[in-house]
Amino acid sequence: MLSRLVFVSGNALKSSGSFGAGLVQASRSLQTSSQSLAPVPPLPEKGGKTRHGIIPEELFQLLYPKTGVTGPYMLGTGLLVYLLSKEIYVINHETFVAASIGAVFIYGIKKFGPQVAAFADKLNEEKVAKAQEVKDLAVSNLTQAIEDEKKEQWRAEGRSMLFDAKRNNVAMLLETNYRERLHMVTNEVKRRLDYQMPSRTCTVAWSRSTWSTGSRRASSAASHLSRRRPVLPSASQT
Amino acid sequence: MMTSFFDQFMSPSLLGIPLMALAFVLPWLLFPSPAPRWLTNRLLTLQGWFINRFTSQLLLPVNVGGHKWALILASLMLFLISLNMLGLLPYTFTPTTQLSLNMGLAVPLWLGTVLIGLRNQPTAALGHLLPEGTPVPLIPVLIIIETISLFIRPLALGVRLTANLTAGHLLMQLIATAAFVLLPLMPAVAITTSVILLLLTILEVAVAMIQAYVFVLLLSLYLQENV
(Lines give C-alpha, C1' and ligand atoms only; values in the text may rest on other atoms or scores of the structure.)
Protein backbone atom coordinates (compact mmCIF):
# COMPACT_ATOMS: atom_id res chain seq x y z
CA MET A 1 0.00 0.00 0.00
CA LEU A 2 2.87 2.35 0.70
CA SER A 3 4.19 1.74 -2.80
CA ARG A 4 0.80 2.64 -4.19
CA LEU A 5 0.92 5.85 -2.15
CA VAL A 6 4.29 6.54 -3.74
CA PHE A 7 2.91 5.87 -7.24
CA VAL A 8 -0.12 8.04 -6.74
CA SER A 9 1.76 10.94 -5.28
CA GLY A 10 4.52 10.41 -7.83
CA ASN A 11 2.02 10.73 -10.63
CA ALA A 12 0.68 13.91 -9.13
CA LEU A 13 4.09 15.40 -8.47
CA LYS A 14 5.76 14.35 -11.72
CA SER A 15 4.91 17.63 -13.32
CA SER A 16 5.95 19.77 -10.37
CA GLY A 17 9.61 20.43 -10.96
CA SER A 18 12.71 18.90 -9.50
CA PHE A 19 11.12 17.40 -6.39
CA GLY A 20 8.73 15.44 -8.54
CA ALA A 21 11.49 14.18 -10.78
CA GLY A 22 13.46 13.09 -7.74
CA LEU A 23 10.50 11.18 -6.39
CA VAL A 24 9.98 9.41 -9.71
CA GLN A 25 13.66 8.43 -9.79
CA ALA A 26 13.45 7.23 -6.20
CA SER A 27 10.45 5.05 -6.92
CA ARG A 28 12.06 3.65 -10.06
CA SER A 29 13.58 0.80 -8.05
CA LEU A 30 10.08 -0.23 -6.92
CA GLN A 31 8.70 -0.43 -10.48
CA THR A 32 9.04 -3.79 -12.13
CA SER A 33 7.64 -3.15 -15.64
CA SER A 34 9.65 -1.78 -18.56
CA GLN A 35 10.32 1.92 -18.40
CA SER A 36 9.25 3.27 -21.80
CA LEU A 37 6.11 5.38 -21.92
CA ALA A 38 5.04 5.11 -25.57
CA PRO A 39 3.45 3.03 -26.87
CA VAL A 40 1.50 2.49 -23.64
CA PRO A 41 2.20 -1.10 -22.56
CA PRO A 42 -0.87 -3.32 -22.73
CA LEU A 43 -2.70 -4.20 -19.53
CA PRO A 44 -2.42 -7.83 -18.45
CA GLU A 45 -5.55 -9.87 -19.24
CA LYS A 46 -6.25 -10.87 -15.67
CA GLY A 47 -5.14 -9.55 -12.30
CA GLY A 48 -2.50 -11.21 -10.18
CA LYS A 49 -3.28 -14.79 -9.24
CA THR A 50 -4.35 -15.24 -5.62
CA ARG A 51 -5.11 -18.19 -3.41
CA HIS A 52 -8.31 -17.86 -1.35
CA GLY A 53 -8.82 -14.38 -2.71
CA ILE A 54 -6.22 -12.58 -0.60
CA ILE A 55 -2.88 -14.42 -0.51
CA PRO A 56 -0.79 -13.97 -3.66
CA GLU A 57 0.20 -17.11 -5.50
CA GLU A 58 3.81 -15.94 -5.42
CA LEU A 59 4.07 -16.76 -1.73
CA PHE A 60 3.20 -20.38 -2.44
CA GLN A 61 5.69 -20.48 -5.31
CA LEU A 62 8.32 -18.97 -3.01
CA LEU A 63 7.87 -21.55 -0.29
CA TYR A 64 7.29 -24.56 -2.53
CA PRO A 65 10.95 -25.60 -3.05
CA LYS A 66 11.63 -25.75 0.67
CA THR A 67 8.33 -26.73 2.25
CA GLY A 68 6.22 -28.26 -0.50
CA VAL A 69 2.51 -27.76 -0.96
CA THR A 70 1.49 -27.49 2.70
CA GLY A 71 4.25 -25.04 3.58
CA PRO A 72 2.31 -21.75 3.52
CA TYR A 73 -0.65 -23.34 5.29
CA MET A 74 1.60 -24.55 8.10
CA LEU A 75 3.11 -21.10 8.27
CA GLY A 76 -0.33 -19.51 8.54
CA THR A 77 -1.56 -21.94 11.13
CA GLY A 78 1.61 -21.58 13.17
CA LEU A 79 1.40 -17.82 13.02
CA LEU A 80 -2.23 -17.85 14.15
CA VAL A 81 -1.56 -20.26 17.00
CA TYR A 82 1.45 -18.21 18.08
CA LEU A 83 -0.58 -14.98 18.14
CA LEU A 84 -3.37 -16.64 20.12
CA SER A 85 -1.28 -18.56 22.59
CA LYS A 86 0.99 -15.65 23.42
CA GLU A 87 -2.07 -13.45 23.68
CA ILE A 88 -0.64 -11.03 21.18
CA TYR A 89 -4.10 -11.16 19.71
CA VAL A 90 -6.73 -11.51 22.41
CA ILE A 91 -10.09 -13.00 21.47
CA ASN A 92 -12.76 -10.61 22.58
CA HIS A 93 -16.11 -9.35 21.38
CA GLU A 94 -14.44 -7.70 18.39
CA THR A 95 -13.56 -11.18 17.12
CA PHE A 96 -17.24 -11.93 16.81
CA VAL A 97 -17.76 -8.65 14.98
CA ALA A 98 -14.88 -9.53 12.66
CA ALA A 99 -16.33 -12.99 12.07
CA SER A 100 -19.77 -11.66 11.17
CA ILE A 101 -18.51 -8.89 8.93
CA GLY A 102 -16.11 -11.37 7.31
CA ALA A 103 -19.00 -13.75 6.66
CA VAL A 104 -21.13 -10.98 5.10
CA PHE A 105 -18.20 -9.79 2.98
CA ILE A 106 -17.26 -13.25 1.70
CA TYR A 107 -20.88 -14.12 0.98
CA GLY A 108 -21.29 -10.88 -0.97
CA ILE A 109 -18.18 -11.49 -3.04
CA LYS A 110 -19.00 -15.12 -3.79
CA LYS A 111 -22.58 -14.35 -4.73
CA PHE A 112 -22.22 -11.10 -6.66
CA GLY A 113 -18.58 -11.19 -7.74
CA PRO A 114 -19.01 -12.82 -11.16
CA GLN A 115 -22.04 -10.67 -11.98
CA VAL A 116 -20.21 -7.45 -11.15
CA ALA A 117 -17.16 -8.56 -13.14
CA ALA A 118 -19.34 -9.43 -16.14
CA PHE A 119 -21.05 -6.05 -15.85
CA ALA A 120 -17.71 -4.22 -15.81
CA ASP A 121 -16.56 -6.23 -18.84
CA LYS A 122 -19.81 -5.44 -20.59
CA LEU A 123 -19.28 -1.70 -20.03
CA ASN A 124 -15.86 -1.91 -21.65
CA GLU A 125 -17.16 -4.03 -24.51
CA GLU A 126 -19.95 -1.55 -25.19
CA LYS A 127 -17.37 1.22 -25.39
CA VAL A 128 -15.34 -0.78 -27.92
CA ALA A 129 -18.45 -1.76 -29.87
CA LYS A 130 -19.52 1.86 -30.21
CA ALA A 131 -16.16 2.89 -31.60
CA GLN A 132 -16.08 -0.20 -33.84
CA GLU A 133 -19.49 0.73 -35.19
CA VAL A 134 -18.30 4.20 -36.15
CA LYS A 135 -15.25 2.69 -37.82
CA ASP A 136 -17.30 0.09 -39.71
CA LEU A 137 -19.75 2.72 -40.88
CA ALA A 138 -16.93 4.90 -42.16
CA VAL A 139 -15.31 1.94 -43.95
CA SER A 140 -18.57 0.88 -45.59
CA ASN A 141 -19.26 4.47 -46.67
CA LEU A 142 -15.84 4.71 -48.24
CA THR A 143 -16.20 1.33 -50.00
CA GLN A 144 -19.54 2.44 -51.38
CA ALA A 145 -17.95 5.69 -52.57
CA ILE A 146 -15.19 3.72 -54.32
CA GLU A 147 -17.72 1.54 -56.14
CA ASP A 148 -19.77 4.56 -57.16
CA GLU A 149 -16.65 6.23 -58.50
CA LYS A 150 -15.71 3.13 -60.51
CA LYS A 151 -19.20 3.05 -61.98
CA GLU A 152 -18.94 6.70 -62.97
CA GLN A 153 -15.62 6.01 -64.68
CA TRP A 154 -17.15 3.11 -66.60
CA ARG A 155 -19.99 5.39 -67.65
CA ALA A 156 -17.52 7.98 -68.82
CA GLU A 157 -15.80 5.34 -71.01
CA GLY A 158 -19.14 4.35 -72.43
CA ARG A 159 -19.85 7.92 -73.41
CA SER A 160 -17.15 7.90 -76.12
CA MET A 161 -18.78 4.78 -77.60
CA LEU A 162 -22.05 6.67 -77.58
CA PHE A 163 -20.48 9.52 -79.51
CA ASP A 164 -19.06 7.06 -82.05
CA ALA A 165 -22.46 5.51 -82.49
CA LYS A 166 -24.05 8.89 -83.01
CA ARG A 167 -21.38 9.83 -85.51
CA ASN A 168 -22.00 6.61 -87.43
CA ASN A 169 -25.68 7.32 -87.37
CA VAL A 170 -25.23 10.75 -88.88
CA ALA A 171 -22.86 9.40 -91.53
CA MET A 172 -25.37 6.74 -92.43
CA LEU A 173 -28.12 9.31 -92.80
CA LEU A 174 -25.97 11.40 -95.08
CA GLU A 175 -25.03 8.34 -97.15
CA THR A 176 -28.68 7.35 -97.43
CA ASN A 177 -29.62 10.83 -98.51
CA TYR A 178 -26.88 10.90 -101.16
CA ARG A 179 -27.92 7.53 -102.53
CA GLU A 180 -31.51 8.59 -102.70
CA ARG A 181 -30.61 11.61 -104.76
CA LEU A 182 -28.33 9.55 -106.99
CA HIS A 183 -31.14 7.10 -107.56
CA MET A 184 -33.51 9.93 -108.39
CA VAL A 185 -31.05 11.39 -110.90
CA THR A 186 -30.53 7.99 -112.52
CA ASN A 187 -34.25 7.48 -112.84
CA GLU A 188 -34.79 10.84 -114.43
CA VAL A 189 -31.98 10.32 -116.96
CA LYS A 190 -33.31 6.86 -117.80
CA ARG A 191 -36.78 8.33 -118.29
CA ARG A 192 -35.52 10.85 -120.81
CA LEU A 193 -33.52 8.28 -122.63
CA ASP A 194 -36.45 5.88 -122.62
CA TYR A 195 -38.45 8.53 -124.46
CA GLN A 196 -35.78 8.80 -127.23
CA MET A 197 -35.80 5.11 -128.24
CA PRO A 198 -39.47 4.77 -129.25
CA SER A 199 -39.46 8.21 -130.90
CA ARG A 200 -36.40 7.22 -133.00
CA THR A 201 -37.97 3.95 -133.88
CA CYS A 202 -41.15 5.78 -134.87
CA THR A 203 -39.31 8.28 -137.03
CA VAL A 204 -37.39 5.55 -138.87
CA ALA A 205 -40.59 3.57 -139.44
CA TRP A 206 -42.40 6.66 -140.84
CA SER A 207 -39.53 7.57 -143.14
CA ARG A 208 -39.47 4.03 -144.52
CA SER A 209 -43.22 4.10 -145.08
CA THR A 210 -43.08 7.39 -146.96
CA TRP A 211 -39.93 6.53 -148.95
CA SER A 212 -41.58 4.87 -151.89
CA THR A 213 -44.29 7.50 -152.68
CA GLY A 214 -42.98 11.03 -152.37
CA SER A 215 -39.40 10.15 -151.89
CA ARG A 216 -37.77 13.54 -152.21
CA ARG A 217 -40.34 15.43 -150.25
CA ALA A 218 -40.45 12.63 -147.70
CA SER A 219 -36.71 12.24 -147.43
CA SER A 220 -36.19 15.98 -147.18
CA ALA A 221 -38.98 16.17 -144.59
CA ALA A 222 -37.47 13.21 -142.78
CA SER A 223 -34.01 14.69 -142.92
CA HIS A 224 -35.45 18.06 -141.96
CA LEU A 225 -37.27 16.44 -139.06
CA SER A 226 -34.23 14.50 -138.03
CA ARG A 227 -32.10 17.65 -138.23
CA ARG A 228 -34.58 19.78 -136.31
CA ARG A 229 -35.22 17.37 -133.47
CA PRO A 230 -32.04 16.67 -131.59
CA VAL A 231 -31.34 13.10 -130.36
CA LEU A 232 -30.92 14.12 -126.74
CA PRO A 233 -32.90 16.88 -125.21
CA SER A 234 -30.72 19.83 -124.20
CA ALA A 235 -30.33 20.87 -120.67
CA SER A 236 -32.51 23.94 -121.16
CA GLN A 237 -35.53 21.92 -122.29
CA THR A 238 -35.52 19.50 -119.36
CA MET B 1 -9.27 2.48 34.06
CA MET B 2 -12.44 0.73 33.00
CA THR B 3 -12.83 0.32 29.27
CA SER B 4 -16.29 1.36 28.27
CA PHE B 5 -18.22 0.81 25.11
CA PHE B 6 -17.67 4.43 24.21
CA ASP B 7 -13.93 4.08 23.87
CA GLN B 8 -14.37 3.15 20.23
CA PHE B 9 -15.68 6.65 19.60
CA MET B 10 -12.72 8.43 21.14
CA SER B 11 -10.66 10.51 18.76
CA PRO B 12 -7.62 8.37 18.03
CA SER B 13 -4.20 9.63 19.04
CA LEU B 14 -0.79 8.03 19.20
CA LEU B 15 1.63 9.36 21.83
CA GLY B 16 -0.31 12.59 21.87
CA ILE B 17 -0.36 13.00 18.09
CA PRO B 18 -3.94 13.15 16.86
CA LEU B 19 -4.54 10.62 14.14
CA MET B 20 -7.86 12.04 13.04
CA ALA B 21 -6.42 13.43 9.82
CA LEU B 22 -4.98 10.02 8.94
CA ALA B 23 -8.36 8.45 9.65
CA PHE B 24 -10.25 10.47 7.11
CA VAL B 25 -7.50 10.61 4.48
CA LEU B 26 -7.45 6.80 4.30
CA PRO B 27 -10.48 6.45 1.94
CA TRP B 28 -8.69 8.56 -0.68
CA LEU B 29 -6.12 5.77 -1.06
CA LEU B 30 -8.83 3.27 -1.96
CA PHE B 31 -10.07 5.10 -5.05
CA PRO B 32 -7.77 4.65 -8.08
CA SER B 33 -7.25 7.76 -10.15
CA PRO B 34 -8.29 7.59 -13.82
CA ALA B 35 -5.60 6.01 -15.96
CA PRO B 36 -4.30 7.55 -19.19
CA ARG B 37 -5.76 4.77 -21.32
CA TRP B 38 -9.06 4.28 -23.05
CA LEU B 39 -10.01 0.84 -21.73
CA THR B 40 -9.35 0.53 -18.01
CA ASN B 41 -9.47 -2.32 -15.55
CA ARG B 42 -12.68 -3.46 -13.89
CA LEU B 43 -12.31 -1.42 -10.72
CA LEU B 44 -11.75 1.84 -12.53
CA THR B 45 -14.55 1.12 -15.02
CA LEU B 46 -17.01 0.41 -12.21
CA GLN B 47 -15.88 3.44 -10.23
CA GLY B 48 -16.34 5.71 -13.24
CA TRP B 49 -19.72 4.19 -14.05
CA PHE B 50 -20.93 4.57 -10.48
CA ILE B 51 -19.83 8.18 -10.14
CA ASN B 52 -21.36 9.16 -13.48
CA ARG B 53 -24.62 7.39 -12.80
CA PHE B 54 -24.93 8.69 -9.27
CA THR B 55 -24.20 12.30 -10.18
CA SER B 56 -26.59 12.32 -13.13
CA GLN B 57 -29.37 10.81 -11.01
CA LEU B 58 -28.74 13.20 -8.11
CA LEU B 59 -28.74 16.33 -10.25
CA LEU B 60 -31.77 15.41 -12.39
CA PRO B 61 -34.24 17.54 -10.41
CA VAL B 62 -31.81 20.41 -9.86
CA ASN B 63 -31.76 23.42 -12.16
CA VAL B 64 -28.74 24.16 -14.30
CA GLY B 65 -27.41 26.73 -11.81
CA GLY B 66 -27.07 24.01 -9.19
CA HIS B 67 -24.97 21.77 -11.40
CA LYS B 68 -21.90 23.55 -10.11
CA TRP B 69 -22.40 21.46 -6.97
CA ALA B 70 -21.95 18.18 -8.87
CA LEU B 71 -18.31 17.74 -7.89
CA ILE B 72 -18.71 18.48 -4.20
CA LEU B 73 -21.82 16.33 -3.82
CA ALA B 74 -20.30 13.36 -5.64
CA SER B 75 -17.08 13.52 -3.66
CA LEU B 76 -19.04 13.95 -0.42
CA MET B 77 -20.99 10.82 -1.25
CA LEU B 78 -17.84 8.78 -1.93
CA PHE B 79 -16.23 10.16 1.23
CA LEU B 80 -19.15 9.28 3.48
CA ILE B 81 -19.77 5.86 1.95
CA SER B 82 -16.14 4.84 2.28
CA LEU B 83 -15.83 6.17 5.84
CA ASN B 84 -18.99 4.39 6.93
CA MET B 85 -18.12 1.09 5.29
CA LEU B 86 -14.55 1.09 6.57
CA GLY B 87 -15.86 1.74 10.07
CA LEU B 88 -17.63 -1.61 10.03
CA LEU B 89 -14.31 -3.43 10.18
CA PRO B 90 -13.22 -4.41 13.69
CA TYR B 91 -10.81 -2.23 15.64
CA THR B 92 -11.38 0.71 13.27
CA PHE B 93 -12.33 4.23 14.11
CA THR B 94 -15.25 5.77 12.20
CA PRO B 95 -14.81 9.53 11.85
CA THR B 96 -18.47 9.99 11.00
CA THR B 97 -19.42 8.99 14.53
CA GLN B 98 -18.00 12.31 15.65
CA LEU B 99 -20.64 15.03 15.80
CA SER B 100 -17.95 17.62 15.13
CA LEU B 101 -17.13 16.14 11.73
CA ASN B 102 -20.74 15.76 10.67
CA MET B 103 -21.69 19.26 11.77
CA GLY B 104 -18.57 20.50 10.02
CA LEU B 105 -19.91 18.96 6.83
CA ALA B 106 -23.59 19.82 7.29
CA VAL B 107 -23.57 23.44 8.47
CA PRO B 108 -21.38 25.03 5.78
CA LEU B 109 -23.09 23.17 2.94
CA TRP B 110 -26.58 23.97 4.25
CA LEU B 111 -25.63 27.60 4.87
CA GLY B 112 -24.24 27.72 1.34
CA THR B 113 -27.58 26.69 -0.13
CA VAL B 114 -29.48 29.20 2.01
CA LEU B 115 -27.19 32.09 1.10
CA ILE B 116 -27.33 31.22 -2.60
CA GLY B 117 -31.10 31.27 -2.40
CA LEU B 118 -31.24 34.56 -0.52
CA ARG B 119 -28.78 36.20 -2.88
CA ASN B 120 -30.08 35.08 -6.26
CA GLN B 121 -33.79 34.75 -5.67
CA PRO B 122 -34.65 36.30 -2.27
CA THR B 123 -38.39 36.41 -2.86
CA ALA B 124 -38.63 32.76 -3.76
CA ALA B 125 -36.29 31.77 -0.92
CA LEU B 126 -38.39 33.63 1.65
CA GLY B 127 -41.51 32.30 -0.02
CA HIS B 128 -40.51 28.79 1.02
CA LEU B 129 -41.31 29.82 4.58
CA LEU B 130 -45.03 29.74 3.80
CA PRO B 131 -46.49 26.67 2.12
CA GLU B 132 -49.15 27.23 -0.49
CA GLY B 133 -52.75 27.05 0.48
CA THR B 134 -52.42 27.74 4.21
CA PRO B 135 -55.48 29.24 5.86
CA VAL B 136 -55.02 32.93 6.70
CA PRO B 137 -55.23 32.72 10.53
CA LEU B 138 -52.43 30.13 10.56
CA ILE B 139 -49.95 32.25 8.60
CA PRO B 140 -47.95 33.80 11.49
CA VAL B 141 -47.65 30.51 13.34
CA LEU B 142 -46.66 28.68 10.22
CA ILE B 143 -43.95 31.17 9.33
CA ILE B 144 -42.38 30.71 12.76
CA ILE B 145 -42.62 26.95 12.43
CA GLU B 146 -41.08 26.97 8.96
CA THR B 147 -38.23 29.21 10.15
CA ILE B 148 -37.50 26.84 13.00
CA SER B 149 -37.58 23.92 10.58
CA LEU B 150 -35.16 25.77 8.30
CA PHE B 151 -32.66 26.28 11.10
CA ILE B 152 -33.04 22.77 12.40
CA ARG B 153 -31.94 21.35 9.02
CA PRO B 154 -28.17 21.40 9.58
CA LEU B 155 -28.64 20.02 13.10
CA ALA B 156 -30.80 17.25 11.71
CA LEU B 157 -28.33 16.43 8.95
CA GLY B 158 -25.38 16.17 11.30
CA VAL B 159 -27.12 14.46 14.18
CA ARG B 160 -28.88 11.96 11.90
CA LEU B 161 -25.60 10.68 10.52
CA THR B 162 -23.88 10.68 13.91
CA ALA B 163 -26.74 9.00 15.73
CA ASN B 164 -27.27 6.28 13.13
CA LEU B 165 -23.66 5.30 12.96
CA THR B 166 -22.97 5.57 16.67
CA ALA B 167 -26.06 3.57 17.54
CA GLY B 168 -25.20 0.89 15.01
CA HIS B 169 -21.64 0.52 16.20
CA LEU B 170 -22.66 0.51 19.81
CA LEU B 171 -25.31 -2.13 19.18
CA MET B 172 -22.83 -4.32 17.35
CA GLN B 173 -20.38 -4.04 20.23
CA LEU B 174 -23.06 -4.86 22.80
CA ILE B 175 -24.43 -7.88 21.01
CA ALA B 176 -20.93 -9.14 20.24
CA THR B 177 -20.03 -8.77 23.91
CA ALA B 178 -23.17 -10.64 24.86
CA ALA B 179 -22.32 -13.47 22.47
CA PHE B 180 -18.73 -13.55 23.72
CA VAL B 181 -19.70 -13.65 27.37
CA LEU B 182 -22.46 -16.23 26.85
CA LEU B 183 -20.28 -18.60 24.86
CA PRO B 184 -18.85 -20.52 27.82
CA LEU B 185 -22.07 -20.23 29.84
CA MET B 186 -24.97 -20.92 27.48
CA PRO B 187 -23.63 -21.85 24.05
CA ALA B 188 -27.06 -22.19 22.43
CA VAL B 189 -28.04 -18.66 23.44
CA ALA B 190 -24.62 -17.49 22.30
CA ILE B 191 -25.26 -18.97 18.87
CA THR B 192 -28.63 -17.22 18.69
CA THR B 193 -26.95 -13.99 19.68
CA SER B 194 -24.36 -14.54 16.96
CA VAL B 195 -27.12 -14.97 14.42
CA ILE B 196 -28.63 -11.69 15.64
CA LEU B 197 -25.18 -10.13 15.29
CA LEU B 198 -24.95 -11.39 11.71
CA LEU B 199 -28.32 -9.86 10.82
CA LEU B 200 -27.34 -6.65 12.55
CA THR B 201 -24.13 -6.54 10.53
CA ILE B 202 -26.13 -6.80 7.32
CA LEU B 203 -28.34 -3.99 8.59
CA GLU B 204 -25.31 -1.89 9.45
CA VAL B 205 -23.89 -2.30 5.97
CA ALA B 206 -27.19 -1.09 4.53
CA VAL B 207 -27.40 1.78 7.04
CA ALA B 208 -23.87 2.87 6.24
CA MET B 209 -24.71 3.24 2.57
CA ILE B 210 -28.16 4.68 3.06
CA GLN B 211 -27.12 7.32 5.58
CA ALA B 212 -24.42 8.61 3.28
CA TYR B 213 -26.92 8.74 0.42
CA VAL B 214 -29.56 10.48 2.53
CA PHE B 215 -27.09 13.14 3.65
CA VAL B 216 -26.18 13.99 0.08
CA LEU B 217 -29.75 13.69 -1.17
CA LEU B 218 -31.06 16.14 1.41
CA LEU B 219 -28.35 18.60 0.53
CA SER B 220 -29.29 18.35 -3.14
CA LEU B 221 -32.92 18.92 -2.10
CA TYR B 222 -32.02 22.07 -0.22
CA LEU B 223 -30.05 23.16 -3.25
CA GLN B 224 -32.98 22.47 -5.54
CA GLU B 225 -35.18 24.76 -3.44
CA ASN B 226 -32.76 27.62 -3.57
CA VAL B 227 -31.36 27.56 -7.10
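Note that the structure is a prediction, hence the values are computed from the model and not measured. Below, chains carry the letters A, B, ... as their sequence lines are ordered, and counting in each starts from 1.
- Crowding of A:Y73 atom OH: a count of heavy atoms from other residues, nucleotides or ligands under 6.0 Å exceeding 12.
- Considering CG of B:L197 and OG of A:S100, their distance stands at 4.0 Å, rounded to 0.5 Å.
- A 6.0 Å sphere centred on OH of A:Y82 holds no more than 12 heavy atoms belonging to other residues, nucleotides or ligands.
- Residue contact with chain A, scored on non-hydrogen atoms closer than 4.5 Å, involves the side chain of B:S194 exclusively.
- By the 6.0 Å contact criterion, CH2 on A:W154 is open, its count of non-hydrogen atoms from other residues, nucleotides or ligands being 12 or less.
- A:F96 is listed as a side-chain neighbour of B:L183, based on a closest heavy-atom distance under 4.5 Å.
- Other residues, nucleotides and ligands place no more than 12 heavy atoms under 6.0 Å from the CD1 atom of B:I72.
- Counting heavy atoms of neighbouring residues, nucleotides and ligands inside a 6.0 Å radius, atom CD of A:E126 exceeds 12 of them.
- Taking the side chain as every heavy atom from C-beta outward, B:Y91 and A:V97 never approach each other to under 4.5 Å.
- Between A:K122 atom NZ and B:W49 atom CH2 the span is 9.5 Å, to the nearest 0.5 Å.
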Evaluation steps, side-chain contact (heavy atoms from CB on, under 4.5 Å), between A:E94 and B:F180: CA-CA 9 Å; A:E94 294 271 12; B:F180 177 62; over 6 Å; no
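- Within the model, atoms CE of B:M85 and CZ of A:F105 stand 8.5 Å from one another, a figure rounded to the nearest 0.5 Å.
- Within a 6.0 Å sphere centred on CZ of B:F9, other residues, nucleotides and ligands contribute more than 12 heavy atoms.
- Both the backbone and the side chain of A:A117 come within contact range of chain B, judged by heavy atoms closer than 4.5 Å.
- At a 4.5 Å heavy-atom cutoff, B:E204 makes no contact with chain A through either its backbone or its side chain.
- Taken from CD1 in A:I101 to OG1 in B:T92, the straight-line distance is 8.5 Å, to the nearest 0.5 Å.
- The candidate with the highest count of non-hydrogen atom pairs below 4.5 Å against chain B, out of A:A131, A:G108, A:A120, is A:A120.
- The shortest side-chain heavy-atom distance between A:F119 and B:R42 does not fall under the 4.5 Å cut-off.
- Under a cut-off of 6.0 angstrom, the local environment of CG in B:L71 is sparse, with at most 12 non-hydrogen atoms contributed by other residues, nucleotides or ligands.
- Environment of CZ in B:F151: sparse, with no more than 12 heavy atoms of neighbouring residues, nucleotides or ligands closer than 6.0 Å.
- Proximity of a side-chain donor or acceptor of A:N124 to a complementary backbone N or O of B:T45 within less than 3.5 Å is not detected.
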